[in-house]
Amino acid sequence: MYTRRWLLLGVFTAVLLPGQETVRVSGAVKQELTLAADDLSKMPRASVKTTNNGMETVYEGVWLHEVLKKAGVPQGSQLRGKALASYVLAEATDGYQVVFSLGELDPAFIDNEILLADTANGKPLFGAQGRFRLVVPKDKPGARSVRMLTKLEVVQVRK
Amino acid sequence: MKSLLAGFVAAMSLLSADFDWNLPKGFPRPVVPAGNPMSAVKVELGRYLFYDKRISVNGKQSCASCHRQELAFTDGRAKAEGTTGQAHSRGTMSLVNVAYAPALTWANPELASLEEQALIPMLGEHPVELGLKGREREFLAVVRGEPVYSKLFPQAFPGESDVFSLVNICKAIAAFERTIISMRSPYDRYRWGDDRSAISDAAKRGELLFFSSERAGCFQCHAGWNFSGRFFDTGIAKESGKFRAPTLRNVAVTAPYMHDGSVATLEDVIDRYAAGGKVRAFTLTDGDKRDLIEFLKSLTEEGLLRDPRWSNPW
């Protein structure tokens, strides 16, 4: 009964807030997620500073590994064997796609800084940035700092 | 001696540090060479020189003849024309945000100094632009005898025994050019200010096309806040080779386009890029094209085209 009520509420919410943008976390995960800005605001927050042609921007959001942790993706000592042959396919609303291996997203493997950002200099992202984006400051080119992020799909290559 | 020199350099950088660039919040300050610190009086002197037609062999042209403020410091011609009528092989480049350009001119990655670049139109003979070569002394005598200059030069170059020199003329012009800064277009107000209604819905849709790697992908070469980049061979223009991706700020007023002026309108530029050239082809509907052009138009800073700080002071 409660479940049905919640389900109905969910449907109403979806109808009432048709424009709300989200990031869908799906694929080889224990728990699929549909994250709105409100959900991200309740997760552990992190920030990175980037410099692009002399212009500094402080992006704030949630580390990508925290998002994967919430979705139940193997991490740390669990990330071994076949699980290590997995990757995250990040997709933008325009169809742009890039890939990160699980290993390069895991702080137990490497001190990377890959942020799922929702604000820049304290303001919500908008326009060509999308409501959500990735920020990968340690990459030399910006090509994997996907703007207009809409989907993170975990793909396990070895089953 | 060494410490004296270090002290001098420090004092000079302090002067530059004090210069009021009047930049919107968040935008970077230009890098200024240690040998040519900024000062308001030097900029003012540079402005007089920039608009002084006596700098040309026949008194017909100044820097401003090809770099016209109302056209975002371009000339509206496919290829530039010197004071004696000789045609240049390339189009006049905009001077907007030239202080931030890591390299100058269309195709020379080695030329990074505005002070050095200023000598090319002055003294160049292939083609003749201002035609000053061989009559430098004559022009310096004119400068020396001009009341405006006899007041401004000593103030702009304090402590120098002979302030009236070609080197100082170049320094003053370069200082003036560094102040031609565009960061207050409607798009800037939308993107970095808080004004979400500063640009039209069509321009907002165009922005998505511009910044989409899957669609037009313009930002991949025209990058960052200045929409500019290094040297690329696009295969779009008539003359092939590697040419600089210039800033797209104010691009709506700088037709015709490409280094050789071979493309007349923004519509044509987009059509040629869409067809591929030597870069990735893409598909746009007529509506997409209109949106993309609306976005490019939102990069025009009307104020810059009329601001008295950069207009003819004579």
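A, B, ... follow the sequence lines: proteins, then strands. Residue 1 opens every chain.
Relative to the six-membered ring of B:F219, A:R147 meets both conditions, a distance below 6.0 Å and an angle of at most 45° to the axis.
Around CZ of B:R290, the count of heavy atoms belonging to other residues, nucleotides or ligands within 6.0 Å does not exceed 12. Within a 6.0 Å sphere centred on NZ of B:K289, other residues, nucleotides and ligands contribute more than 12 heavy atoms. Summarising the local packing, NZ of B:K242 is surrounded by 12 or fewer heavy atoms from other residues, nucleotides or ligands at distances under 6.0 Å.
Between the CZ atom in B:R196 and the CZ atom in A:F126 there is a gap of 4.5 Å [rounded to 0.5 Å].
Near-neighbour residues of residues 199-214 of chain B relative to chain A, defined by a heavy atom under 4.5 Å from a heavy atom of that chain, comprise B:E207, B:L208, B:F211, B:S212, B:S213, B:E214.
Counting heavy-atom pairs closer than 4.5 Å to chain B, the top-ranked of the candidates A:G130, A:A120, A:G95 is A:G95. No other option in B:Y100, B:F27, B:Y190 has as many heavy-atom pairs under 4.5 Å with chain A as B:Y190.
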Under 3.5 Å, which donor-acceptor pairs do the side chains of residues 52-68 of chain A form with other protein atoms, sequence neighbours left out?
| residue | atom | partner | partner atom | Å |
| --- | --- | --- | --- | --- |
| A:Y59 | OH | A:R133 | NH1 | 3.2 |
| A:E60 | OE2 | A:R45 | NE | 3.3 |
| A:E60 | OE2 | A:R45 | NH2 | 3.4 |

